[in-house]
*Asks:* 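Sharing a structure here in structure tokens format.
So you know, we letter chains A, B, ... as the sequences are listed, proteins then strands, and number each from 1.
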Amino acid sequence: MSDKKARPNRSFDKSLWVFHVNTGSCNGCDIEILAALTPRYDVERFGIKLVGSPRHADALLVTGPVSREMVDKLKRFYEQVPDPKVVIVVGSCGISGGVFHESYDLVGPVDRIIPVDVYVPGCPPRPEAIIDGVVKAWMKLERLRGENK
Amino acid sequence: MVDNLIHLIEIIIGTILVGAFGILFGLLTKGIDRKLAAHMQWRIGPPIIQPFRDVKKLFCKENIVPRNAVTWLYNSAPIICLASTIAVLLYIPLGSIPPVLGGYGDVILILYLLTIPSLAMVAGGFASGSPFATVGAQREMVLMMSYEFPLATTVIALGWKISTLHPGSVAFSLSTFARYPVWNIMGPFGIIGAAILLVVMLLVTTGEITKVPFDIAEAETEIAEGLFVEYSGKNLGLFYLADAVKTVVMASLIVALFFPYNLSTYLASHISLPTIAWQTVDFLFYLFKIEIVIFFAMTFIRVSVARFKVDQVVRVYWGYLTLAALIALLLIALDVLL
Ligand code: SF4
């Protein structure tokens, strides 16, 4: 991200396209993410949009504790997102293993595999918490902008 | 010689202006569309300038070219797509302002030019070397073949009616359509026919700008954005712009064919304003008409229904809409005979 070309500009904060990766979660967090898109929370009013391809994304939203099968896929997803990018982990199991922490099939947590910028704890976190996580990601992007100037 | 040169410079300046107008107004239209759609779903929705921010962001992102892509084709497809879309706009009158390339082409040319952006998208999809994009490209071709026939029928029915009534006029030029508005020259049968054609044309527009329910080529839930799956950064931004301009083009085409009315023709005798002021008024009125057409062809349909399957799309276009267009053609023919 130190590349001068890949500096996030101001529009970045107002238009964050999100790609959602499920690395073996129980689906609880995924439903909370969808809840953030419903009319009640309506994150589209901040320009946040779910996209269907990692190539279009600015932020990678990862849920789940990363099972063995998902390790290389998660890495590839991360590499496919064009710079500048942020990674947000949603849910306790992505942060520490959560309820799955004793599982034999667990390679994660997520930050052992790809660099993570923002953690949103909770099992599952409320949509408000997820929106707060995105705000933290904006602050991170702002810092990046400052560093590169 | 000098005249030719001046004419050329005029065309170049006109092209730049029309291109800038198409892009800016297209993005604004996209913003209005998203806002209206959000309100129809009881949401607040993004601010109207959101598409501008999206594009600005896309242009600062990294531009990834996949390893197994055909690089030159992959990179040129978005440019061709945007350029050809703007080229179509050069043949369509904007309000009472005559088109930049008015004397050089008619509706038939526009019909042909309209296929180029889709073909560029197909080429880009195949060139990106991803299975999702290939599926998307094939679906786009299916879609293109499906809506082409009802579209052609619509234009031909209207053009034929005008040419039988006014044999001396240039049948398919858009200025003829503007001189004899469709609704004024039709008898009772013809009006029903023209109304059917208008509905057909609105649905063809939805397919042409690949919006729900006809967005099988970009279905993000099934084939991960289809055609555009590998595109990122600047290239994706160009496609975004092309999509915005295409919306304006299709809406302008409907306005030019069906609603070529200008306020100045009716009010100029009552209110005296300088020509330039009337042109501004007409232009604003034209923008208003475009927004209304887009609301019905895009926003309203997009919010109310879900996506069709591939075979259903073909059935809608080749079956129902073609049938409707042919019935309308018969009605108009009846109108001419009686
Ligand atoms: S954090 Fe809890 S709710 Fe979320 S995916 Fe993990 S186990 Fe499920």
Side-chain angles (χ1 to χ4, degrees), chain A residues 1-21 30 34-60 73 76-86 127 131 137-138 141 144-145 148-149, chain B residues 27 30-31 34-35 37-67 69 74 125 128 130-133 136 215 217-237 239-240 303:
Chain A
M1 277 218 214
S2 55
D3 180 7
K4 192 148 188 298
K5 237 177 78 197
R7 199 175 71 196
N9 61 18
R10 285 225 154 261
S11 310
F12 229 85
D13 299 356
K14 304 281 172 55
S15 153
L16 202 69
W17 290 3
V18 177
F19 183 74
H20 172 205
V21 192
D30 310 52
L34 287 187
L37 294 167
T38 55
R40 185 171 178 91
Y41 297 98
D42 186 25
V43 287
E44 203 198 347
R45 68 199 144 116
F46 309 121
I48 301 169
K49 196 171 97 168
L50 267 190
V51 289
S53 156
R55 290 263 198 256
H56 301 189
D58 310 306
L60 205 58
K73 288 164 188 96
R76 276 179 58 194
F77 274 131
Y78 179 76
E79 280 156 8
Q80 289 200 25
V81 177
D83 277 335
K85 58 189 161 194
V86 281
I131 296 175
W138 280 335
L141 283 169
L144 279 175
R145 208 159 38 226
N148 281 323
K149 263 194 189 133
Chain B
L27 288 178
K30 251 178 161 352
R34 277 173 78 173
K35 190 84 185 167
H39 276 300
M40 288 167 81
Q41 296 170 332
W42 284 65
R43 292 188 289 121
I44 297 170
I48 286 173
I49 59 161
Q50 185 64 37
F52 291 91
R53 290 171 175 164
D54 287 350
V55 169
K56 205 171 146 211
K57 177 207 70 183
L58 283 175
F59 275 94
C60 87
K61 293 273 290 184
E62 187 188 0
N63 193 2
I64 300 177
V65 180
R67 200 185 305 139
Y74 179 84
S128 43
S130 148
F132 286 124
D215 64 335
E218 303 162 17
E220 73 278 359
T221 38
E222 315 157 34
I223 50 170
E225 313 269 356
L227 286 172
F228 305 135
V229 65
E230 296 291 342
Y231 278 99
S232 63
K234 188 169 101 301
N235 283 341
L236 185 63
F239 272 131
Y240 196 102
V303 177

*Asks:* Just so I know, are the side chains of B:Q50 and A:K49 near enough to count as touching, which here means a heavy-atom distance under 4.5 Å?
*Replies:* no

*Asks:* Which distance, rounded to the nearest 0.5 Å, do you find between the NE2 of A:H56 and the CD of B:E230?
*Replies:* 8.5 Å

*Asks:* Please name the pair of heavy atoms, one in B:I44 and one in A:D42, separated by the smallest distance, quoted to 0.1 Å.
*Replies:* N-OD2, 2.9 Å

*Asks:* If you draw a 6.0 Å radius around CZ in B:F132, do more than 12 non-hydrogen atoms from other residues or ligands fall strictly inside?
*Replies:* no

*Asks:* Would you name the heavy atoms of B:P47 and A:R45 that are closest together and state the gap between them?
*Replies:* CD-O, 3.6 Å

*Asks:* Of the backbone (N, CA, C, O) and the side chain (C-beta and beyond), which part of B:Q41 lies under 4.5 Å from a heavy atom of chain A, both, or neither?
*Replies:* backbone

*Asks:* Given heavy-atom pairs under 4.5 angstrom as the criterion, report whether the side chain, backbone, both or neither of B:L236 touches chain A.
*Replies:* side chain

